[in-house]
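All values below were derived from every heavy atom in this structure, side-chain atoms included, with hydrogens, water molecules and symmetry-related copies excluded. Below, chain A is the first sequence line, B the second, and so on; all start at residue 1.
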Number of protein chains: 2
Amino acid sequence: MSLPPPRDPDALPGASPPRATIADVAREAGVHASTVSRALNPATRGMVTEAVALRVAAVADRLGWRPSAVAAGLRTRKSRTIGILVPDLINPIFPPILHAVETLLAAQGYATLVANTDNDPAREALLIERMATHLVDGLMLASAAAGTGAISLCARLGIPAVLINRRMPEGAGCAAVSAVTNDDRHGIGLAVDHLVALGHRRIAHLGGPEGVSTATDRLQGFRDRLAQHGLEPAALRPAQAYTREAGRAAMQALLAEPGKGFTAVAVANDMLCLGVYDAMEAAGLRVAADISVTGFNDMPFVDRIHPALTTIRIQHDAMGRQAAEILLAEMADPTRPRQNIRLVPELVIRASTAPPVQEPACR
Amino acid sequence: MSLPPPRDPDALPGASPPRATIADVAREAGVHASTVSRALNPATRGMVTEAVALRVAAVADRLGWRPSAVAAGLRTRKSRTIGILVPDLINPIFPPILHAVETLLAAQGYATLVANTDNDPAREALLIERMATHLVDGLMLASAAAGTGAISLCARLGIPAVLINRRMPEGAGCAAVSAVTNDDRHGIGLAVDHLVALGHRRIAHLGGPEGVSTATDRLQGFRDRLAQHGLEPAALRPAQAYTREAGRAAMQALLAEPGKGFTAVAVANDMLCLGVYDAMEAAGLRVAADISVTGFNDMPFVDRIHPALTTIRIQHDAMGRQAAEILLAEMADPTRPRQNIRLVPELVIRASTAPPVQEPACR
DNA sequence: TTGTAAGCGTTATCAA
DNA sequence: TTGATAACGCTTACAA
């Protein structure tokens with residue numbers, strides 16, 4: 001690639017020269033604009049003589065021509081842009097997913113538009129509308145809580161969409177949209193198995209916010225696996241959100257419940273666990289020694305918290321990558337059958353779980 | 001807002017009805033398209049009679065009209081889109097910045113295009129070109145290593161840009177681009193003061209990758225403050241990158257250096273500290289008890305690692321917000337003087353620092 | 001293989 | 001205040 005032509009030295013700083021257009025290249029190369037378009041577009045290069053293609057490319061290069069995705073998009077109704085909505089970028093499980101998504105899309109020539117919904121359905125709808133305005137070719141929703149209209153909004157707007165780490169409730173039009181999630185039921189089951197194997201019999205569940213599919217699945221998986229061991233939940237409590245603060249509050253409430261002694265708590269996600277640690281510290285209880293704690297996600301650095309968290313490792317990367325691949329495939333062929341991918345999680349045993357004490361520390 | 005017209009029940013799934021355009025609205029409302037444009041664009045609404053504005057709005061609403069940012073962008077050469085380049089989304093200091101940026105920009109009606117450079121200058125250049133293709137109105141660079149052509153590329157492309165958490169080296173055309181950074185020299189100085197106050201005299205520095213402005217500034221700040229205390233660095237070592245693994249490797253090297261006993265190490269960032277902890281554990285050394293460690297950034301959850309990290313808290317939010325504000329201001333007025341904002345960091349004392357032992361654990 | 005011409009949806013300029 | 005017209009930069013039937 002050569003440099004663009006030297007700038008007019010008299011130009012105001014900030015006032016850059018007008019970009020070369022296809023018409024400019026056409027004039028310089030002595031061919032028609034449509035020929036330039038064909039020569040410069042990799043998909044249509046074959047329609048043009050090798051010699052012409054070379055000459056046009058050289059001229060384009062010399063003039064510093066850059067394609068205008070905007071002009072092309074107006075004509076083709078495609079922006080080569082994909083939007084991704086996340087509930088909360090601060091939650092460490094999303095950056096790895098976003099990283100995987102962006103990397104895969106960039107390799108395919110797509111730009112990635114990111115927005116935070118902050119768990120606000122109204123904001124989510126607004127952002128989807130805005131993305132539609134920008135003519136995104138597809139949308140990845142890591143934010144759609146079951147029951148909100150995000151998915152039907154996408155359908156109305158004619159935007160292909162896939163869900164990441166969220167899925168539609170069973171039966172509620174599952175087939176309408178593809179989803180890539182963890183096998184949350186299986187995952188929480190691994191935690192239950194581990195706790196039971198350690199000897200725990202009185203196990204509580206600190207769940208995610210109600211209505212979120214990950215929370216629902218993990219709760220259900222918890223109950224089912226416990227039942228398979230012939231046990232009942234010692235206590236159940238949803239957190240208000242997947243935040244450290246909500247985890248602290250929920251754990252405090254759990255500890256305060258009368259007559260609900262438990263020796264272990266299976267928590268719906270790692271972020272909540274940080275709050276659980278906070279609440280236990282405040283209550284003078286030791287993690288593992290007094291109450292065993294399991295997390296979910298194996299988010300970065302939980303191997304370095306104290307005590308290191310026993311948790312369920314999910315496949316962040318695969319999640320982002322697969323969702324992006326499915327979206328691209330469905331964009332290319334809208335009749336393609338929808339997919340419901342469940343990635344298999346794995347148990348990571350660290351130091352936050354131990355055999356139970358004889359007397360429940362919390363009763 | 002009312003619903004768009006019901007879809008044709010015979011339409012293929014995925015084949016949504018063509019979106020209403022301004023021309024459609026004009027026909028239905030019995031006015032000319034340009035009038036519709038004026039009525040619907042908040043900036044020009046005043047040019048049109050109240051009655052007409054109302055009628056047009058009603059029709060637009062009924063037809064489910066949405067503006068096409070693409071068409072408008074082609075005409076106005078503005079996309080209402082801002083790009084942000086980050087070196088590594090996985091590094092936890094970036095999500096909060098990105099969150100702040102996206103929130104502020106969304107409130108101003110801008111969409112945010114995100115891309116990862118993975119610290120690769122070639123990739124960075126490519127992504128900037130691609131963003132130019134998408135006609136971004138401005139660019140936020142959290143990735144520009146001093147010396148790479150990113151800034152001059154933006155200038156050539158005529159894209160307003162600001163740096164976040166990075167700045168141009170002194171004298172190297174500082175004035176050309178605004179930057180929002182931490183006062184890194186002051187920040188590392190706080191760590192040095194704290195260690196000296198604890199009684200440390202043999203203090204090492206584990207720095208960031210060479211050529212990165214944060215690394216340069218922190219190194220310089222370390223030396224300067226140490227000199228003010230009448231001390232020499234006990235040892236200096238740059239990490240290859242701001243990663244846990246690079247931190248581990250650099251700490252191993254530091255521990256292996258002959259005759260360089262030190263009782264404390266001021267590390268250039270928290271991520272590196274995780275590796276420092278790893279290396280110390282592997283070497284059978286205790287953080288704080290044997291060697292005190294300070295970090296930089298106060299990234300999420302370092303209060304929960306063991307021992308809790310003494311570090312320098314930076315203003316992530318303010319950084320993203322201010323950078324976005326400056327960018328918007330410079331987009332509005334390109335002649336606006338460039339700004340070089342340095343945010344003031346603060347020392348957070350936790351458990352990774354303690355008075356030195358008499359005999360250096362590492363000599 | 002190349003040229004012609006129309007059009008994507010919006011906004012800006014000019015005239016009425 | 002509103003209407004007519006052109007233009008933004010590119011793609012794509014269709015014609016040559």
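Residue B/F94 holds its CZ atom at 9.0 Å from CG of B/L89, rounded to the nearest 0.5 Å. B/L157 CG to B/E129 CD: the interatomic distance, rounded to the nearest 0.5 Å, is 5.5 Å. A distance of 7.5 Å separates CG of B/L153 from CD1 of B/I159, quoted to the nearest 0.5 Å. For the atom pair CG of B/N340 and CZ of B/R338, the computed distance is 12.0 Å after rounding to the nearest 0.5 Å. In this structure, B/R77 CZ and A/S68 OG are separated by 8.5 Å, a value rounded to the nearest 0.5 Å. We find the CE-OG distance between B/M47 and B/S34 to be 10.0 Å, quoted to the nearest 0.5 Å.
To the nearest angstrom, C1' of C/dT11 lies 13 Å from CZ of B/R77. The CZ atom of A/R19 sits 10 Å away from the C1' atom of D/dG9 (whole-angstrom rounding). Rounded to whole Å, atom C1' of C/dG7 lies 16 Å from atom CD1 of B/I22. Spacing between atom CZ of A/R55 and atom P of C/dT1 amounts to 15 Å, rounded to whole angstrom units. Taking atom NZ of B/K78 as the reference point, atom C1' of D/dG9 lies 16 Å away to the nearest angstrom. When rounded to the nearest whole Å, the span between CZ of A/R80 and C1' of D/dT11 equals 15 Å. Spacing between atom CG of B/L40 and atom C1' of C/dG9 amounts to 13 Å, rounded to whole angstrom units. Between A/W65 atom CH2 and D/dC8 atom P there is a gap of 17 Å when expressed in whole angstrom units.
Salt-bridge formation is detected for the pair A/R123/B/E102: a Lys NZ or Arg NE/NH1/NH2 atom is positioned less than 4.0 Å from an Asp or Glu carboxylate oxygen.
Considering only the side chain of B/V31, D/dG3 comes nearest among D/dT11, D/dG3, C/dG9. Among D/dT2, C/dT10, D/dC10, the nucleotide with an atom closest to any side-chain atom of B/V52 is D/dT2.
Between B/G30 and B/L74, it is B/G30 whose nearest contact on DNA chain D lies nearer the 5' terminus.
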Original post:
Is there a side chain to side chain contact (heavy atoms under 4.5 Å, CB included) between A/L141 and A/R166 once you walk through the steps?
Top reply: CA-CA 8 Å; A/L141 303 172; A/R166 295 290 140 95; over 6 Å; no

Original post:
Please walk me through it: do B/H99 and B/D317 pass side-chain hydrogen bond (donor to acceptor under 3.5 Å, both in side chains)?
Top reply: CA-CA 8 Å; B/H99 186 272; B/D317 255 50; 5.6 Å; no

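Backbone-only contact: A/S68 has heavy atoms under 4.0 Å from sugar-phosphate atoms and none from a base.
Heavy-atom distances under 4.0 Å link DNA chain D to B/M47, B/V48, B/T49 of residues 41-50 of chain B, given in residue order.
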For nucleotides 4-6 of chain C, tabulate all protein N/O to nucleotide N/O atom pairs closer than 3.5 Å, reporting atom names and distance.
{"residue": "C/dT4", "atom": "O4", "partner": "A/S34", "partner atom": "OG", "Å": "3.3"}

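Note on B/S37: every side-chain N or O is 4.0 Å or more away from OP1 and OP2 of C/dT10.
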